Amino acid sequence: MVNIAVLVKQVPDTNSKIQISGDRVDLSSVKMDISPYDEFAVENALQHKESTGGTVSAITVGGAAADKVLKGVKALGVDNIIRLDYDGFMDSNGLQSIIAEEIIAGGYDIVYCGKSAADTGAGSTGPGIAERLGWASVSNATEVKFADALTVSYPTEGGDAIVSLNLPAVVSCDKGSIKVRKSNVKGIMMAKKAQVDVKAVSPPAASVTVVSQVMPPAKPAGKKFEGASSAQTVAQLLRDEANII
Amino acid sequence: MTETIVIAELSKGEINNTTNELVSAANLLGNSCTVVVPCTDSSVADKAGKISGVSKVIAAKSSVFENYDAAAWAEAIDSVAPSGIVVTSASAQSKDLAARLAARRTISVVQDVIAIEDGKLSTPIYSGKAIQNVSVNGDSVVSIRANTFAPADDSGSCDVQVIDTTGNVTTALQEMVQRASERLDVSEANIIISGGRGMGTPANFSHLENIADKLGAAVGASRAAVDTWDEIPHSMQVGQTGKTVNPNLYIAVGISGAIQHLAGMRSSKYIVAINKDADAPIFQHADYGIVATWEDALPVLSSSLSDLLA
């Protein structure tokens with residue numbers, strides 16, 4: 001029986017507009033959702049369980065508002081939902097150390113996560129916790145085959161690498177060809193009643209401090225031309241003005 | 001004296017120009033730069049010795065560098081790299097390595113840095129919809145987006161020290177599957193031409209390929225195109241749930257400019273938009289906008305480029 005963990009994170013819906021208030025991003029009117037790549041991690045975790053037997057525990061870090069994302073994956077068929085209760089900024093060292101502690105405490109064999117979260121886009125958590133645990137890892141996995149050892153595909157400069165790795169391991173998941181399941185009414189009803197296992201954590205002091213969050217510098221207005229014949233003008237500008245071609 | 005350690009970026013077994021950009025970034029973070037070159041053959045490292053602003057080159061020689069293995073690479077590089085601020089590229093593989101190295105040293109990692117000012121690091125958040133500025137206390141690992149820092153020139157000269165190293169390999173490469181297409185991946189290209197659902201059919205992407213061939217460009221796609229047509233793979237998708245790119249030139253054809261897509265390409269140096277809808281949001285981000293159907297505009301663009309490149 002494989003003890004499977006999947007890391008999920010609540011982030012602003014990727015279609016939402018991000019606004020700044022003062023010198024911080026203002027998320028008060030933004031719709032929150034599960035980070036897109038985490039959906040592939042959850043699907044891989046569930047398929048792993050269905051293929052070899054086991055249990056799947058979803059773990060998130062955040063305040064009570066993050067329970068929504070846990071209920072959402074519970075409705076998909078995750079067995080246990082766990083929230084590491086911390087609602088402030090953590091640097092990668094802090095975040096990875098509390099997650100690694102939880103992975104050890106839970107006795108997990110494998111951790112799935114998204115290749116990066118849609119807010120920071122960093123992609124550090126998967127490989128970072130693998131290093132802390134002394135585990136193997138593959139990042140940006142586009143296909144996972146489950147057996148005693150995993151077979152994982154991921155893109156490289158030279159083509160798609162297909163590697164095998166033994167558990168324990170961390171796999172960070174890209175989109176690939178996997179289709180994610182949708183929740184049904186029964187799952188949603190069950191998830192409503194499910195208890196979130198809330199755990200207190202105490203991350204080490206951060207060495208990274210957020211100084212400010214700002215809008216990207218506005219681009220000066222460009223040149224807009226009407227009609228297909230202007231494509232010739234644009235080609236010329238790409239040579240004379242932009243020095244690109 | 002702040003020590004910086006640049007992990008050289010290699011492509012096809014050679015140190016590439018991104019490494020010169022990393023040295024420039026490192027010299028904004030500290031004042032003594034060591035370049036560590038992961039290699040199986042130490043002669044590869046000679047090129048790093050010529051980069052200006054480098055005070056030392058370490059050729060980290062090991063058979064583990066034949067194929068990528070995150071655990072083994074981190075261990076092998078960690079054992080030869082001095083302590084300080086470690087600088088890597090923000091390619092997919094190097095971000096993975098950066099995270100491993102930082103965790104190994106129990107320090108933090110700051111990924112995708114696009115600017116450094118007074119020791120403060122700027123990184124895109126929400127796929128570039130906003131920028132976060134951070135300060136870091138003590139050692140860290142920092143990954144740098146390619147094409148954002150001016151490369152250091154090749155007028156330097158310093159010796160290369162070869163150190164044999166090793167690490168514990170945890171993954172076994174079974175097969176390397178060549179890509180079906182010979183074309184560059186969008187994450188590696190200096191010029192990208194992308195199509196959206198406005199292309200009408202996936203077969204019409206051949207018109208983009210025609211121009212890509214002239215420019216040595218990669219062909220990308222919007223999420224709408226990838227979601228609509230099975231023939232357009234996710235590997236081509238540019239945007240928040242696809243690849244984030246910052247080429248010198250990005251040509252968006254039949255792409256309206258959804259927030260999702262803009263997030264993945266807005267940092268491109270020059271943006272050309274071709275769209276029949278004059279009000280398409282993409283035009284607000286375009287350096288050069290052409291209001292026309294792609295059917296009319298692409299043949300003109302194609303022949304103009306042929307004339308210029310002849």
Side-chain angles (χ1 to χ4, degrees), chain A residues 12 14-15 17-18 20 25 36 91-93 96 118-124 127-128 131-132 136-140 155-165 175 207-216 219 222-232 234-235 237-239 242 244-245, chain B residues 11 68 70-71 74 92 95-96 99-100 102-104 106-112 120 125-138 170-179 234 240-241 248-249 259-260 270 272 283 285-292 296-297 300-301 304-305 308:
Chain A
T14 55
N15 287 313
K17 199 168 175 204
I18 297 295
I20 301 284
V25 164
D91 61 11
S92 68
N93 187 45
Q96 290 167 21
D119 49 2
T120 68
S124 303
E131 183 66 34
R132 280 157 206 270
S137 67
V138 172
S139 292
N140 310 310
T156 70
E157 185 194 37
D160 286 328
I162 301 174
V163 299
S164 61
L165 68 166
K175 185 173 181 181
S207 65
V208 176
T209 311
V210 176
V211 179
S212 60
Q213 294 170 331
V214 297
M215 292 311 278
K219 243 185 137 146
K223 294 173 181 161
K224 197 165 155 189
F225 305 96
E226 294 282 339
S229 60
S230 61
Q232 190 182 354
V234 169
L237 284 167
L238 286 173
R239 164 151 294 184
I244 288 175
I245 57 167
Chain B
S11 51
Y68 184 66
K95 282 174 71 171
D96 186 50
R100 279 260 181 187
R104 195 171 177 84
T106 335
I107 55 180
S108 267
V109 56
V110 181
Q111 303 272 23
D112 292 300
K120 286 199 291 290
I125 50 173
Y126 309 105
S127 290
K129 291 179 201 168
I131 307 290
Q132 176 162 281
N133 300 310
V134 302
S135 64
V136 184
N137 186 16
T170 57
T171 59
L173 180 66
Q174 303 204 315
E175 198 183 343
M176 191 63 94
V177 183
Q178 298 303 315
R179 276 191 207 102
H234 177 247
Q240 192 162 1
T241 49
N248 285 326
L249 174 60
I259 288 181
Q260 225 271 354
Y270 281 89
V272 172
F283 284 122
H285 300 269
D287 298 276
Y288 307 124
I290 300 169
V291 183
D296 292 337
V300 180
L301 183 64
S304 308
L305 290 172
L308 286 170

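Just so it is clear, the model here is predicted, and its values are computed rather than measured. A, B, ... follow the sequence lines: proteins, then strands. Residue 1 opens every chain.
A side-chain N or O of B:Asn133 and one of A:Ser212 form a donor-acceptor pair less than 3.5 Å apart. For A:Arg132 and B:Thr106, the side-chain atoms include no donor-acceptor pair closer than 3.5 Å.
For the options A:Asn140, A:Val138, A:Val208, heavy-atom pairs under 4.5 Å to chain B are most numerous at A:Val208. Comparing B:Ser108, B:Ala70, B:Ala99, B:Ser11 by heavy-atom pairs within less than 4.5 Å of chain A, the highest count is held by B:Ser108. Considering only heavy-atom pairs separated by less than 4.5 Å from chain B, the leading option among A:Ala235, A:Ser229, A:Ala228 is A:Ala228. Taking B:Leu305, B:Val177, B:Asp296 one by one and counting their heavy-atom pairs under 4.5 Å with chain A, the maximum is reached by B:Val177. Residue with the most contacts toward chain A among B:Ala292, B:Gly138, B:Gly289: B:Gly289 (heavy-atom pairs, distance under 4.5 Å). For the set A:Gly123, A:Ser230, A:Gly227, the count of heavy-atom pairs under 4.5 angstrom toward chain B peaks at A:Gly227. Heavy-atom pairs under 4.5 Å with chain A were tallied for B:Leu301, B:Asp112, B:Thr241; the largest tally goes to B:Thr241. With chain B as the partner, the residue from A:Ser207, A:Gly222, A:Ala136 showing the most heavy-atom pairs under 4.5 Å is A:Ser207. Most heavy-atom pairs under 4.5 Å with chain A: of the set B:Leu308, B:Asn248, B:Val109, B:Val110, this distinction falls to B:Leu308. If you tally non-hydrogen atom pairs under 4.5 Å between each of A:Pro127, A:Gly159, A:Pro155 and chain B, the highest count goes to A:Pro127. Your options are B:Ala74, B:Ser127, B:Ser304, B:Ala92, and the one with the most heavy-atom pairs under 4.5 Å with chain A is B:Ser304. Listed options A:Gly128, A:Ser164, A:Ser137 were ranked by heavy-atom pairs under 4.5 angstrom with chain B; first place goes to A:Ser164.
For B:Thr171, the side chain to side chain donor-acceptor pair (under 3.5 Å) partners are B:Asp69, not counting sequence neighbours. Every residue two or more places apart in sequence or in another chain that forms a ring-ring contact (aromatic ring centres under 6.0 Å, His included) with B:Tyr68 is listed here: B:Trp73.
Using a 4.5 Å cut-off between heavy atoms, A:Asp119 touches chain B through backbone and side chain atoms alike. With a 4.5 angstrom heavy-atom cutoff, A:Thr120 touches chain B only via backbone atoms. Heavy-atom distances place the side chain of B:Val272, and not its backbone, under 4.5 Å from chain A. For B:Gln111, the part sitting under 4.5 Å from any heavy atom of chain A is the side chain, from C-beta outward, and nothing else. In this structure, the portions of A:Lys175 lying under 4.5 Å from any heavy atom of chain B include both its backbone and its side chain. Proximity to chain B involves both the backbone and the side chain of A:Thr156, based on heavy atoms less than 4.5 angstrom apart. For B:Lys129, the parts lying under 4.5 angstrom from a heavy atom of chain A are both the backbone and the side chain. Both the backbone and the side chain of B:Asp287 come within contact range of chain A, with heavy atoms under 4.5 Å apart. At a 4.5 Å heavy-atom cutoff, the contact between A:Gln96 and chain B is made by side-chain atoms alone.
Within 6.0 Å of atom CD in A:Glu157, more than 12 heavy atoms from other residues, nucleotides or ligands are found, so the atom counts as buried in its surroundings.
Of all the heavy atoms in B:Tyr126 and A:Pro12, the pair that sits closest is CE2-CG, 3.4 Å. Closest heavy-atom contact between B:Ala130 and A:Ile18: CB-CG2, 4.2 Å. Pairing each heavy atom of B:Ile131 with each of A:Pro216, the nearest pair is CG1-CA, 3.8 Å. The minimum heavy-atom distance between A:Ala161 and B:Leu173, with the atom names listed, is CB-CD1, 3.8 Å. Minimum heavy-atom separation, B:Val134 to A:Val211: C-CG2, 4.0 Å.
Using a 4.5 Å heavy-atom threshold, the side chains of A:Asn15 and B:Gln240 count as separate. Annotation: side chain of B:Ile259 is in contact with side chain of A:Lys17 (closest heavy-atom distance under 4.5 Å). By the 4.5 Å heavy-atom criterion applied to side chains, A:Leu238 and B:Leu249 are counted as neighbours. The closest side-chain heavy-atom distance from A:Phe225 to B:Val291 is not below 4.5 Å. Between B:Gln132 and A:Val210 the shortest side-chain heavy-atom distance falls below 4.5 Å.
Counting only distance, with no hydrogens or angles, the side chain of A:Glu226 and the backbone of B:Ile290 share no donor-acceptor pair below 3.5 Å. Of the possible polar contacts, none joining the A:Ser139 side chain to the B:Asp96 backbone as a donor-acceptor pair under 3.5 Å is found. Side-chain atoms of B:Arg104 never come within 3.5 Å of backbone atoms of A:Glu131 as a donor-acceptor pair (strictly under, hydrogens ignored).
The distance from atom OG1 of A:Thr14 to atom CD of B:Gln260, rounded to the nearest 0.5 Å, is 5.0 Å. Distance check, rounded to the nearest 0.5 Å: OH of B:Tyr270 to CD1 of A:Ile245 gives 12.5 Å.
Taking the ring axis of B:Phe283 as reference, the NZ or CZ atom of A:Lys224 stays within 45° of it and closer than 6.0 Å to the ring centre.
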Exercise for the section: Please assess B:Ile125 against A:Val25 for the test side chain to side chain contact (heavy atoms under 4.5 Å, CB included), listing each intermediate value before the final yes or no. Expected result: CA-CA 10 Å; B:Ile125 50 173; A:Val25 164; 4.0 Å; yes
Problem - From CA spacing to verdict: side chain to side chain contact (heavy atoms under 4.5 Å, CB included), A:Asn93, B:Ile107 - result: CA-CA 6 Å; A:Asn93 187 45; B:Ile107 55 180; over 6 Å; no
